[in-house]
Asker: 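Please read through the structure below; I'll follow up with questions.
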Amino acid sequence: MTDFMQTIYVILWGVLALLTFAVGIKQKAAYAFVISACFVFMTVWYALDAYSGIGMFSGTWGIVYKVVLGIFLVLIVGAYILSRRRGNGK
């Protein structure tokens with residue numbers, strides 16, 4: 001991937017993190033904060049890959065990346081289900 005595209009990915013994840021954080025504040029949705037944390041993680045991970053010269057998507061780092069994203073997926077689904085149950089109980 002070119003340097004330009006790597007920079008675009010870093011900016012993309014950063015903007016998405018800010019937007020989901022703003023949505024979380026506005027709607028008081030717990031799952032939005034979890035999604036925002038996931039996007040912050042993606043921003044840092046892509047920035048490390050783009051600017052540090054470390055292959056963050058290969059080998060052990062690639063496995064760590066997939067495991068952390070799997071954990072975020074479970075947290076996001078769990079937070080969404082909890083927020084939906086609380087909303088239906090009102």
Asker: Identify whether V10 and I8 are in the same connected component of the hydrophobic contact network (ILVMFWY, side-chain heavy atoms under 4.5 Å).
Answerer: yes

Asker: Going by side chain to side chain contact (heavy atoms under 4.5 Å, CB included), name the residues that satisfy it together with L18, two or more places apart in sequence or in a different chain.
Answerer: none

Asker: Shared ILVMFWY cluster between L69 and V67, side chains joined below 4.5 angstrom?
Answerer: yes

Asker: If we only count heavy atoms from C-beta on, is the V64 to W45 side-chain gap below 4.5 Å?
Answerer: yes

Asker: CG/D49 to CE/M42 distance, rounded to the nearest 0.5 angstrom?
Answerer: 11.0 Å

Asker: Report yes or no: does T43 contribute a side-chain atom to a donor-acceptor pair with the main-chain N or O of W13 at less than 3.5 Å?
Answerer: yes

Asker: Do the side chains of Y80 and V34 join up, straight or via other hydrophobic residues, at under 4.5 Å, putting them in one cluster?
Answerer: yes

Asker: Establish whether F33 and L73 are linked, either directly or via other cluster members, by ILVMFWY side-chain heavy-atom contacts under 4.5 Å.
Answerer: no

Asker: Determine whether M56 and Y46 fall in the same hydrophobic cluster, where Ile, Leu, Val, Met, Phe, Trp and Tyr are linked whenever their side-chain heavy atoms lie under 4.5 Å apart.
Answerer: yes

Asker: Hey, could you give me the CG/CD1 distance between L16 and I11, rounded to the nearest 0.5 Å?
Answerer: 12.0 Å

Asker: Taking atom CG of L75 and atom CG of L82, what is their separation to the nearest 0.5 Å?
Answerer: 10.5 Å

Asker: For the residue pair F41 and F72, categorise the inter-ring angle as parallel (less than 30°), tilted (30 to 60°) or perpendicular (more than 60°).
Answerer: tilted

Asker: Which residue pairs pass the side-chain hydrogen bond (donor to acceptor under 3.5 Å, both in side chains) test with at least one member in residues 50-74, sequence neighbours excluded?
Answerer: T7-Y51

Asker: For the residue pair A17 and S36, what are the closest heavy atoms and their distance?
Answerer: O-OG, 3.0 Å

Asker: Roughly how far apart are C38 SG and I71 CD1, rounded to 0.5 Å?
Answerer: 11.0 Å

Asker: Measuring only between side-chain heavy atoms, which start at C-beta, is Y31 closer than 4.5 Å to V77?
Answerer: no

